[in-house]
Amino acid sequence: MSTKGLLVILSGPSGSGKDTVLDCVHKRDIPIQRSVSMTTRAKRDGEIDGVDYYFVTKEYFEKQIKDKNMLESALYSSNYYGTPKGPIDRWLAENKTVVLKIEVQGAEKIKKIYPDSVSIFIMPPSMQILEKRLRGRDTDSEESIRMRMDAALGEMQCAEKYDYVVFNDVLEDTVDDICAIIKAEKFKSSRMKKSVREVIKNA
Ligand code: 5GP
């Protein structure tokens with residue numbers, strides 16, 4: 001039993017496999033609540049509005065920032081991405097494991113707001129493999145692939161600022177690693193204080 005929810009920040013270059021990893025983690029014995037971000041980028045084939053992202057116009061996004069409805073936001077490959085403020089605290093109060101899949105600027109902002117969050121950086125095994133994965137998903141233009149490869153180099157330089165770094169080479173191993181991190185974090189004594197005190201109080 002933990003005293004309150006756990007906020008997990010997951011970052012890594014576009015194409016590092018964050019979504020696939022999270023889908024697999026959710027199918028294990030670790031239920032996670034994924035935050036749905038807002039973005040101004042175009043919807044890819046197969047993506048669903050309200051599930052993968054809230055796809056909005058630049059004007060709408062800027063109004064959300066102005067009205068202070070975003071927990072954080074960042075520009076990435078010329079598009080806005082951001083975390084809507086509303087549900088995060090409610091989910092944490094409900095004791096959930098909340099996962100934010102965000103890029104490095106957003107991760108830094110969230111870590112400042114929630115210092116007890118856990119940040120994990122997913123590394124591709126190599127730049128060659130990253131490029132192959134980006135091309136393999138067949139959803140991005142050549143220009144977008146180039147921008148994402150350039151962004152990846154900058155992002156990987158921030159990996160050392162994260163609490164954990166996991167190389168996504170063999171998917172099942174990566175999923176094991178992420179599950180192990182989440183499980184261990186939940187049992188940190190700092191998160192168990194309330195439960196321990198309750199037992200002592202009722203002794
Ligand atoms: P993609 O276009 O590949 O879906 O996402 C591009 C990058 O934006 C990824 O690194 C992804 O993690 C990041 N991203 C997605 N949602 C958010 C968000 O709400 N805030 C921030 N800061 N980055 C996000």
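We count ligands from 1, going down the list as the structure has it; atoms in each ligand are counted the same way. Along the sequence shown, the residues carry numbers beginning at 1.
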Check: Would you call the rings of Phe61 and Tyr80 parallel, tilted or perpendicular, where under 30° means parallel and over 60° means perpendicular?
Finding: parallel

Atom 18 (C) of ligand 1: of Val104, Leu10, Ile102, the nearest heavy atom sits on Ile102

Keeping Glu72 on the side-chain end and Gly82 on the backbone end, is there a donor-acceptor pair under 3.5 Å?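 Absent.
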
Check whether any side-chain N or O of Asn168 sits under 3.5 Å from a backbone N or O of Met123 as a donor-acceptor pair, and report yes or no.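 Checked: no pair found.
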
Would you please say whether a donor-acceptor pair under 3.5 Å links the side chains of Ser11 and Tyr162? yes

Does the side chain of Asp163 pick up a donor-acceptor pair with the side chain of Ser119 at under 3.5 Å? yes

Practice prompt. Could you tell me whether Lys85 atom NZ has more than 12 heavy atoms of other residues or ligands within 6.0 Å of it?
Written response: yes

Under a 4.0 Å heavy-atom limit, does [X] contact ligand 1 with its side chain, its backbone, both, or neither?
{"X": "Met38", "result": "neither"}
{"X": "Glu108", "result": "neither"}
{"X": "Gln105", "result": "neither"}

Below the 3.5 angstrom mark, is there an N/O of [X], backbone or side chain, next to an N/O of ligand 1?
{"X": "Ser14", "answer": "yes"}
{"X": "Ser73", "answer": "no"}
{"X": "Ala74", "answer": "no"}

Any idea which protein heavy atom is nearest [atom], and the distance to it?
{"atom": "atom 5 (O) of ligand 1", "result": "Tyr53 OH, 3.3 Å"}
{"atom": "atom 3 (O) of ligand 1", "result": "Arg148 NH1, 2.8 Å"}
{"atom": "atom 22 (N) of ligand 1", "result": "Glu103 OE2, 2.6 Å"}
{"atom": "atom 20 (N) of ligand 1", "result": "Glu72 OE2, 2.7 Å"}
{"atom": "atom 9 (C) of ligand 1", "result": "Lys18 NZ, 3.9 Å"}
{"atom": "atom 14 (N) of ligand 1", "result": "Lys101 O, 3.6 Å"}
{"atom": "atom 19 (O) of ligand 1", "result": "Ser37 OG, 2.6 Å"}

Quick note on ligand 1: atoms under 4.0 Å from a heavy atom of Gly106 include exactly 22 (N)

Only residue of Lys193, Lys188, Lys4 satisfying salt bridge (charged side-chain N to carboxylate O under 4.0 Å, His left out) with Asp116 is Lys4

### Message
When you group the ILVMFWY residues by side-chain heavy-atom contacts below 4.5 Å and let the links chain together, are Val166 and Leu6 in the same group?
### Response
yes

Problem - ligand 1 contact by Arg41, heavy-atom criterion under 4.0 angstrom - result: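 Distance cut 4.0 Å: Arg41 passes for ligand 1.
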
* Asked: Any heavy atom of Lys109 sitting closer than 4.0 Å to ligand 1?
  ->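 Checking ligand 1 against Lys109, which is what was asked, there is no heavy-atom contact under 4.0 Å.
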
Ion pair check, Arg148 and Glu143, cut-off under 4.0 Å: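 Salt bridge between Arg148 and Glu143, a charged N being under 4.0 Å from a carboxylate O: no.
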
All heavy atoms of Leu134 vs all of Ser14, minimum pair found to be CD2-O, 3.5 Å

